[in-house]
There are 2 protein chains.
Amino acid sequence: MNLLIKGIFSWRLFLLLEKTTSQGLRATGRRMTRTRKAVLSLLEGTQQPLSASEIFLQLQKDQIAIDLVTVYRTVNVLKELGLVVQLDLHQEGQSRYELKEGRKHHHHIRCQMCGKIVDLLLCPLKKLTKLIEERTQFVVEDHTLEFSGFCPKCQ
Amino acid sequence: MNLLIKGIFSWRLFLLLEKTTSQGLRATGRRMTRTRKAVLSLLEGTQQPLSASEIFLQLQKDQIAIDLVTVYRTVNVLKELGLVVQLDLHQEGQSRYELKEGRKHHHHIRCQMCGKIVDLLLCPLKKLTKLIEERTQFVVEDHTLEFSGFCPKCQ
DNA sequence: CATTTATTGCAAGTCTATTGCAAGTAAAAA
DNA sequence: TTTTTACTTGCAATAGACTTGCAATAAATG
Ligand SMILES: [Mn+2]
Ligand SMILES: [Mn+2]
Ligand SMILES: [Zn+2]
Ligand SMILES: [Zn+2]
């Protein structure tokens, strides 16, 4: 409700909070709280994946006081619920988080100069996975793929 | 010479040390030292990429006393010289290092159970890189690719 | 409203990696 | 070989991301 008042409300966000509460949190004995709403709301309204400290600082600017520890705990809960993906990009000292809700598996490219991160809406690794399973006798469960370089502005 | 005496000597290692000293270290005003020899020697004789603390512990077992700080400084120098690659594998809290010397670009698969890391002697990303440059207008400089799953023993 | 129990904030701790500085030691110069 | 230079090392301290213990707070439920 105070989200409505603050004018940072959207229908998408409303649906996300509803779904998160009923299907995610409540089902696992957890609660929808002020902080979880705030983090979800922020992630919903941001293009770039955010780090814990970025979430912390942005919420501070938005006059929402949440301890950094709570941000860490919150993104971990959201990750457990499958609502958020944790990205550990190369040569960044900290993890980033982005909403998974409604979006499909994809990878990223990152600018080595300014740090901009862009989605790559593709995954070319299905065939390769089979080949690797044959060659190594591993059962492949997951993969990470990331490109880096210079974005249009930084060239 | 004391490497010879200790019996951990090999022709490959001798050549590596020679090359490192003359083309790498000396050319950049650096010196071939006891600790750099020891780290190179260890990496030369190990299949798995090693973390700084693993290098530290292994050298301790080998009765070679090197401070952990020196291990960090050493792998960074070797990385700058292009002799060693730093791997930041997913869900491992620390970097690993492997010899680059004489080996070509490749990727890895890691067992989520036991941590075993196996080389994937392939890189399927040349074509994809062009596509990504066209789509994103980035200039691609680098990429990381890593698989994880369960190794034959851990299935 | 009252009870129950998940969640939060604060302080302190962990873990990997880096930095400052005096002491040590390769390698060049004498 | 001896001296001199300046690169390296070890130790202690520090940084930075993240986690944990615990008392206080606040969702949910009836
Ligand atoms: Mn993304
Ligand atoms: Mn390798
Ligand atoms: Zn850029
Ligand atoms: Zn295994």
Side-chain angles (χ1 to χ4, degrees), chain A residues 1-3 17-18 20-40 49-57 59-60 63-81 84 86-97 115, chain B residues 1-3 17-18 20-40 49-57 59-60 63-81 84 86-97 115:
Chain A
M1 273 308 164
N2 44 357
L3 288 175
L17 295 180
E18 280 296 297
T20 303
T21 304
S22 57
Q23 291 173 36
L25 294 171
R26 205 155 292 168
T28 55
R30 279 182 270 227
R31 296 165 185 181
M32 176 55 83
T33 63
R34 192 180 66 88
T35 56
R36 287 171 184 170
K37 272 182 193 151
V39 172
L40 278 168
L50 299 177
S51 67
S53 56
E54 285 172 346
I55 292 171
F56 173 71
L57 290 172
L59 291 181
Q60 237 175 9
Q63 309 288 335
I64 302 173
I66 299 180
D67 195 88
L68 179 57
V69 174
T70 304
V71 175
Y72 277 110
R73 286 194 273 230
T74 300
V75 291
N76 279 322
V77 167
L78 296 177
K79 195 175 67 172
E80 281 170 30
L81 296 180
V84 151
Q86 177 176 351
L87 308 178
D88 295 295
L89 299 185
H90 201 58
Q91 291 189 325
E92 290 207 311
Q94 48 192 11
S95 295
R96 292 181 174 279
Y97 303 87
Chain B
M1 274 307 165
N2 44 357
L3 288 176
L17 296 180
E18 280 296 296
T20 303
T21 305
S22 56
Q23 290 173 36
L25 294 170
R26 205 156 292 169
T28 55
R30 280 182 269 228
R31 296 165 185 180
M32 175 55 82
T33 63
R34 191 180 67 88
T35 56
R36 287 170 184 169
K37 272 181 193 154
V39 173
L40 278 168
L50 299 177
S51 67
S53 56
E54 286 173 346
I55 293 171
F56 173 69
L57 290 172
L59 291 181
Q60 238 175 8
Q63 310 288 335
I64 302 173
I66 300 180
D67 195 89
L68 179 57
V69 175
T70 304
V71 174
Y72 277 110
R73 287 194 273 228
T74 300
V75 290
N76 279 321
V77 167
L78 296 177
K79 193 176 67 173
E80 282 170 28
L81 295 181
V84 153
Q86 177 176 352
L87 308 179
D88 295 295
L89 299 185
H90 200 57
Q91 292 187 327
E92 288 207 310
Q94 48 193 3
S95 294
R96 292 182 173 279
Y97 303 86

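Residue numbering restarts at 1 for every chain, and letters A, B, ... go by the order of the sequence lines.
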Whole-Å distance between D:dA27 C1' and A:M32 CE?
12 Å
Distance (rounded to the nearest 0.5 Å) between A:L17 CG and A:K37 NZ
7.0 Å
Which part of the nucleic acid, if any, lies within reach of A:D88 when heavy atoms closer than 4.0 Å are counted: base, sugar-phosphate only, or nothing?
nothing
Whole-Å gap separating P (D:dG16) and CD (A:E92):
16 Å
Nearest whole angstrom, please: distance from the P of D:dT8 to the CD of B:E80.
10 Å
Could you tell me the separation between the CD atom of A:Q91 and the P atom of C:dT18, rounded to a whole number of Å?
12 Å
Could you tell me the separation between the CZ atom of A:R73 and the C1' atom of C:dG9, rounded to a whole number of Å?
8 Å
Expressed in angstrom and rounded to an integer, what is the separation of B:Y97 atom OH from C:dA17 atom C1'?
8 Å
Using atom CD1 of A:I66 as one end and atom P of C:dC10 as the other, report the distance to the nearest whole Å.
12 Å
Below the 4.0 Å mark, does C:dA27 have OP1 or OP2 next to a side-chain nitrogen or oxygen of B:R26?
yes
Roughly how far, to the nearest 0.5 Å, is the CG atom of A:D67 from the CD atom of A:Q60?
9.5 Å
Would you say a side-chain N or O of B:R36 is under 4.0 Å from OP1 or OP2 of D:dT8?
yes
So, is B:T33 near the phosphate of C:dT25, with a side-chain N or O under 4.0 Å from OP1 or OP2?
no
Atom CD1 of A:I55 and atom P of D:dA17: how far apart are they, to the nearest Å?
14 Å
Just N and O in the side chain of A:R31: are any of them under 4.0 Å from OP1 or OP2 of D:dT25?
no
Can a side chain N or O of A:Y72 be found less than 4.0 Å away from OP1 or OP2 on D:dC18?
yes
For A:S51 and D:dA17, is the shortest distance between a side-chain N/O and OP1 or OP2 below 4.0 Å?
no
Would you mind telling me which residue lines up with the more 5' stretch of DNA chain C, B:V69 or A:D67, judged by nearest nucleotide?
A:D67
Nearest atoms (heavy-atom pairs only) where A:Q94 meets A:S51
NE2-OG, 3.3 Å
Taking all atoms of both residues into account, what is the closest heavy-atom pair of B:R96 and B:L89, and its distance?
CD-CD1, 4.5 Å
OP1 or OP2 of C:dT18 sitting under 4.0 Å from any side-chain N/O of B:N76?
yes
Donor-acceptor check, side chain of B:R30 to backbone of B:G24, threshold 3.5 angstrom: yes or no?
no
Answer with base, sugar-phosphate or nothing: what part of the nucleic acid does B:L68 contact at a heavy-atom distance below 4.0 Å?
nothing
How would you label the contact of B:S53 with the nucleic acid (heavy atoms, under 4.0 Å): base, sugar-phosphate, or nothing?
nothing
